[in-house]
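To start, the structure under review is shown below, and the notes come after it.
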Amino acid sequence: VSDAVPADAAAPGRALRTRYPQAGTEGINAAALLDGRVVTAGAQGVGSLDAATLVRSGVVSTTGDAAGVASLEAFPVDLNSDGTVATDERADLALVSNGVDGTLQIFSVPATGAPTLLSVVRFAEATQGVTVDAAERLAYVSIGSRGLAVVDLSGRMSIQPIDENRDALDDRILGIVDTPGSARRAALALDRGLGFVADGVG
């Protein structure tokens, strides 16, 4: 750190400005690491930055002010929606909780270029945050006063709702754990089988 930031009492951040410029990274609400990249989510959408240089590789709009993001590296996914996952169907994924529009958006993040939208899961309330359990192929989505939704990531990808049992709920939503307050962020301690929820006033 002393080499990167020479002593300069008048401008202690001087050495960092040119290496980590603000231009092009405004409005980021959340970030996650993904195989040498930083996946970002915010008002500009979901983007990918080189983790060493922070040079942006690409960005795509989520048509909202994305509130949270989680990443999955080389994740098995039904890319062609044929109901099976072939051995070559793997992708680096970014899961974005898109705020007030109440969606969880799943993107494929290429090594270079902008992410590509693969799937959308819709909820009845704003999506505040998302975390994932890759081993169990589950996403946990914070949906405010409704609590914490559990989403199945093993099924087919679809931008349209999947509701084969016609219960007005996307079949990929396995259940919702009600919380006393307004769920905003969640974290998992998989080795202990525990989940922690930042529950606002609750």
Side-chain angles (χ1 to χ4, degrees), residues 29-34 39-41 45-46 60 62-85 89-109 115-179 181-190 193-200:
N29 296 323
L33 291 175
L34 178 63
V39 180
T40 61
V46 56
V60 64
T62 62
T63 67
D65 190 3
V69 63
S71 63
L72 289 166
E73 183 180 340
F75 191 72
V77 61
D78 185 6
L79 292 172
N80 58 11
S81 296
D82 66 353
T84 62
V85 179
E89 286 187 295
R90 289 181 175 269
D92 291 341
L93 300 182
L95 287 75
V96 178
S97 53
N98 201 40
V100 295
D101 75 352
T103 63
L104 172 69
Q105 300 183 16
I106 303 174
F107 292 84
S108 172
V109 184
T116 302
L117 182 64
L118 295 178
S119 189
V120 178
V121 182
R122 292 168 177 81
F123 300 88
E125 193 162 331
T127 52
Q128 304 290 338
V130 58
T131 189
V132 293
D133 179 347
E136 296 294 334
R137 301 175 63 81
L138 297 174
Y140 295 85
V141 184
S142 304
I143 50 174
S145 63
R146 296 287 304 279
L148 195 68
V150 184
V151 177
D152 181 11
L153 300 177
S154 62
R156 66 184 189 268
M157 296 285 111
S158 173
I159 295 174
Q160 299 301 321
I162 300 173
D163 186 14
E164 295 179 353
N165 59 5
R166 301 183 182 279
D167 64 351
L169 194 68
D170 194 306
D171 295 343
R172 293 168 290 183
I173 303 171
L174 301 179
I176 297 174
V177 180
D178 192 13
T179 60
S182 182
R184 297 188 180 277
R185 294 288 187 270
L188 303 176
L190 299 177
L194 294 176
F196 304 88
V197 182
D199 200 31

N/O donor-acceptor pair under 3.5 Å between D101 side chain and G64 backbone: no
Heavy-atom check, side chain of V151 versus side chain of L174, under 4.5 Å: no
Set of residues satisfying salt bridge (charged side-chain N to carboxylate O under 4.0 Å, His left out) with respect to D199, sequence neighbours excluded: none
Heavy-atom pair of closest approach, residues G68 and A30: CA-CB, 3.7 Å
Point-to-point distance, once rounded to the nearest 0.5 Å, from CZ of R146 to OG1 of T179: 11.0 Å
4.5 Å side-chain heavy-atom contact, D163 and D171: yes
Over all atoms of both residues, closest heavy-atom pair of A183 and V197: CB-CG1, 3.8 Å
Close side-chain approach of V121 and I162, heavy atoms under 4.5 Å: no
Partners passing salt bridge (charged side-chain N to carboxylate O under 4.0 Å, His left out) against R172 (at least two apart in sequence or in another chain): D170
Name of the residue among I106, V69, V39 meeting side-chain contact (heavy atoms from CB on, under 4.5 Å) with L95: I106
Separation between CG of N165 and CG of L169, rounded to the nearest 0.5 Å: 8.0 Å
Residues that D92 engages under salt bridge (charged side-chain N to carboxylate O under 4.0 Å, His left out), provided they are two or more places apart: R37
Under 3.5 Å donor-acceptor, E125 side chain and G102 backbone: no
Side chain D178, main chain G147, donor-acceptor under 3.5 Å: no
All side chain to side chain contact (heavy atoms under 4.5 Å, CB included) counterparts of R185, not counting sequence neighbours: Q128, A198
Backbone N/O of A91 and side chain of S108: donor-acceptor pair under 3.5 Å: no
Nearest-0.5 Å distance, CZ of residue F123 to CD1 of residue I176: 7.0 Å
Min side-chain heavy-atom separation L104-V130 under 4.5 Å: yes
Donor-acceptor list for residues 72-79 side chains, cut-off 3.5 Å, not counting sequence neighbours:
{"residue": "D78", "atom": "OD1", "partner": "S81", "partner atom": "N", "Å": "3.1"}
{"residue": "D78", "atom": "OD1", "partner": "D82", "partner atom": "N", "Å": "3.2"}
{"residue": "D78", "atom": "OD2", "partner": "D82", "partner atom": "N", "Å": "3.4"}
{"residue": "D78", "atom": "OD2", "partner": "G83", "partner atom": "N", "Å": "2.9"}

Any donor-acceptor pair under 3.5 Å from S154 side chain to R137 backbone: no
L34 vs V109 side-chain heavy atoms within contact, under 4.5 Å: yes
Passing candidate, side-chain contact (heavy atoms from CB on, under 4.5 Å) with S97, options I143, T131, T127: T127
Within-4.5 Å side-chain heavy-atom neighbours: V46 and V60: yes
Residue pair V96 / A41: nearest heavy atoms and the distance that separates them: CG1-CB, 4.2 Å
Nearest heavy atoms of S182 and S145, plus distance in Å: OG-N, 3.7 Å
Close side-chain approach of L188 to Y140, heavy-atom, < 4.5 Å: yes
Criterion side chain to side chain contact (heavy atoms under 4.5 Å, CB included) on L93 and F107, from CA distance to verdict: CA-CA 6 Å; L93 300 182; F107 292 84; over 6 Å; no
For T62, side-chain hydrogen bond (donor to acceptor under 3.5 Å, both in side chains) partners two or more places apart: N98
Exercise: do Q160 and S158 side chains pair donor with acceptor under 3.5 Å: no
Derivation and outcome, side chain to side chain contact (heavy atoms under 4.5 Å, CB included), residues V132 and L138: CA-CA 6 Å; V132 293; L138 297 174; over 6 Å; no
